[in-house]
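First the structure, in the form of structure tokens, and then the observations on it.
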Number of protein chains: 2
Amino acid sequence: MQRDTRQRRAIRDVFMSVARPLTPDEVLEHGRRIVPSLGIATVYRNVKALVAEGWLSEVKLPGGGLRYELAGGPHHHHFLCRTCDQAFDVDLCPDEIEEMAPAHFQVESHELVLFGRCEECV
Amino acid sequence: MQRDTRQRRAIRDVFMSVARPLTPDEVLEHGRRIVPSLGIATVYRNVKALVAEGWLSEVKLPGGGLRYELAGGPHHHHFLCRTCDQAFDVDLCPDEIEEMAPAHFQVESHELVLFGRCEECV
DNA sequence: ACGCGATTGAGAATCCATTATCATCTGGCC
DNA sequence: GGCCAGATGATAATGGATTCTCAATCGCGT
């Protein structure tokens, strides 16, 4: 059966305290403040498992690789800082957004990304 | 100096006739209908050169690698078909979109992507 | 405390997109 | 037609993200 390890607990704590989409490297960096020996393979394994059990969801932003965030939250979008490459949540969403598709196209979901400089990098 | 080769002409023709963002592989596939010997390295080289001279622009969509489209067109967004993975243009754009950022964040640009099934794949 | 099977972590291996290499080919000028 | 530097194309090499391997470690039920 699945065991409750320090590493897995640390990874969950990271997502709960940081509250924004994180790359595996960011998870590693934050997680090592809790469990210094944490390895990247463990991050990938646990993130994958947490996605499978529905606790995390994948966030695909233009450009780089996948990020992950707590699943189950309300609909929202993201802001990607061009300077520090951190992603942040954006709570608003224009409601007419899915009516913009070409005729005869079926829209299933959408993603809106703002690019710029975050508060720290302005 | 730069020479006007069959391959480069074919690649330009592909973008002008297809009129949607293309991956290098899609450019190769379409280009081979014009110049069957076309190689992927030539596609990458020419696409890169066409971006450098401002004739093409890069399109970064969530997930996979880069796509390219004719530069200089009006502001627009994209639709990505989950079934055939082809990208299409979406001409509309909600105008309040860049006002959604968190306070103290500077927005420089934005990207909106609709996901679903294109006309062919419905 | 014991034992075992799940988990970890370091490094190797893999995957995929892109770029470099280099012998061959070819546009454009004479 | 002939030259030759730029261009091509097959293949190898690269780089970055992710996964695999496997010996060592460690939850957890007994």
Side-chain angles (χ1 to χ4, degrees), chain A residues 1-15 21-53 55-69 78 80 82 84-87, chain B residues 1-15 21-53 55-69 78 80 82 84-87:
Chain A
M1 97 294 333
Q2 176 157 300
R3 296 189 322 203
D4 182 29
T5 63
R6 275 177 312 144
Q7 292 78 348
R8 180 164 313 176
R9 249 186 335 264
I11 290 170
R12 278 194 299 249
D13 287 351
V14 166
F15 278 102
L22 298 174
T23 63
D25 276 346
E26 287 174 330
V27 175
L28 179 66
E29 181 192 326
H30 285 84
R32 280 189 165 159
R33 296 177 195 164
I34 306 172
V35 179
S37 69
L38 187 61
I40 190 64
T42 299
V43 170
Y44 275 104
R45 269 189 301 250
N46 279 290
V47 159
K48 197 176 179 183
L50 290 167
V51 168
E53 66 187 62
W55 197 84
L56 285 179
S57 57
E58 297 183 346
V59 177
K60 295 178 185 176
L61 297 184
L66 284 175
R67 292 164 197 258
Y68 301 88
E69 67 183 1
H78 299 103
L80 188 55
R82 285 221 165 91
C84 64
D85 199 46
Q86 289 185 119
Chain B
M1 99 291 336
Q2 177 158 297
R3 297 190 319 204
D4 183 28
T5 64
R6 278 177 308 147
Q7 291 80 347
R8 181 165 314 183
R9 255 192 322 272
I11 290 170
R12 277 195 299 251
D13 288 350
V14 165
F15 279 102
L22 298 174
T23 62
D25 277 346
E26 287 174 328
V27 175
L28 179 66
E29 182 192 326
H30 284 83
R32 279 188 165 158
R33 296 177 195 164
I34 306 172
V35 179
S37 69
L38 186 61
I40 189 65
T42 299
V43 170
Y44 275 104
R45 269 190 300 253
N46 280 290
V47 159
K48 197 177 178 182
L50 290 167
V51 168
E53 65 187 61
W55 197 83
L56 285 179
S57 57
E58 297 184 345
V59 178
K60 295 178 185 177
L61 297 183
L66 285 174
R67 293 165 197 256
Y68 300 88
E69 67 183 359
H78 299 103
L80 188 55
R82 285 224 165 90
C84 65
D85 200 47
Q86 290 185 119

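In the text below, chain A, chain B and the rest are named by the order of the sequence lines, each starting its count at 1.
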When you compare the side chain of Phe15(A) with that of Val47(A), does any pair of heavy atoms fall below 4.5 Å?
yes
Applying side-chain contact (heavy atoms from CB on, under 4.5 Å) to Glu69(B) and Leu22(B), what does each step give before you reach the verdict?
CA-CA 7 Å; Glu69(B) 67 183 359; Leu22(B) 298 174; over 6 Å; no
Which whole-number value in Å describes the distance from Leu66(A) CG to dT19(D) P?
9 Å
Base of dG9(C), side chain of Arg45(A) - is there a donor-acceptor contact under 3.5 Å?
yes
Please tell me if Asn46(A) has a side-chain N or O lying less than 4.0 Å from either OP1 or OP2 of dT8(C).
yes
Relative to the 5' end of DNA chain C, which residue comes earlier, Asp25(B) or Leu38(A), by the nucleotide with the nearest heavy atom?
Leu38(A)
State, with a plain yes or no, whether a side-chain heavy atom of Glu53(A) is found less than 4.5 Å away from one of Leu50(A).
yes
Answer yes or no: does a side-chain N or O of Tyr44(B) lie under 4.0 Å from OP1 or OP2 of dT19(C)?
no
For Asp13(A) and Arg33(A), run side-chain contact (heavy atoms from CB on, under 4.5 Å): C-alpha distance rounded to whole Å, both residues' side-chain angles, the deciding distance at 0.1 Å, then the answer.
CA-CA 11 Å; Asp13(A) 287 351; Arg33(A) 296 177 195 164; over 6 Å; no
Rounded interatomic separation in angstrom, taking CZ from Arg6(B) and C1' from dT24(C)
13 Å
Between Gln2(A) (CD) and dG27(D) (P), how many Å, whole number?
14 Å
For Ile11(B) and dA7(D), what is the distance between atoms CD1 and P respectively, to the nearest whole Å?
12 Å
Is any side-chain N or O of Thr5(B) closer than 4.0 Å to OP1 or OP2 of dG27(C)?
no
Is Thr42(A) close enough to dT7(C) that one of its side-chain N or O atoms is under 4.0 Å from OP1 or OP2 there?
no
Rounded to whole Å, the CZ-C1' distance (Arg8(B) to dT8(D)) equals 11 Å
Short side-chain N/O contact from Gln7(A) to OP1 or OP2 of dG9(C), under 4.0 Å
yes
Report the residue (Pro24(B) or Arg32(A)) whose heavy-atom-nearest nucleotide on DNA chain C is the more 5′ of the two.
Arg32(A)
Rounded to whole Å, please give me the gap between OH in Tyr68(B) and C1' in dT18(C).
9 Å
First encountered from the 5' end of DNA chain D, between Asp4(A) and Val35(B)
Val35(B)
I'd like to check His78(A) versus Arg67(A) (side-chain heavy atoms, cut-off strictly below 4.5 Å). Are they in contact?
no
State whether the distance check finds a donor on one side and an acceptor on the other, under 3.5 Å, for side chain Arg3(B) versus base dG28(C).
no
In whole angstroms, how far is the C1' atom of dA17(C) from the CD atom of Glu26(B)?
15 Å
For Ile40(A) and dA12(C), what is the distance between atoms CD1 and C1' respectively, to the nearest whole Å?
16 Å
Where the side chain of Ala41(A) is defined as all heavy atoms beyond and including C-beta, which of dG28(C), dT19(C), dG11(C) is the nearest nucleotide?
dG11(C)
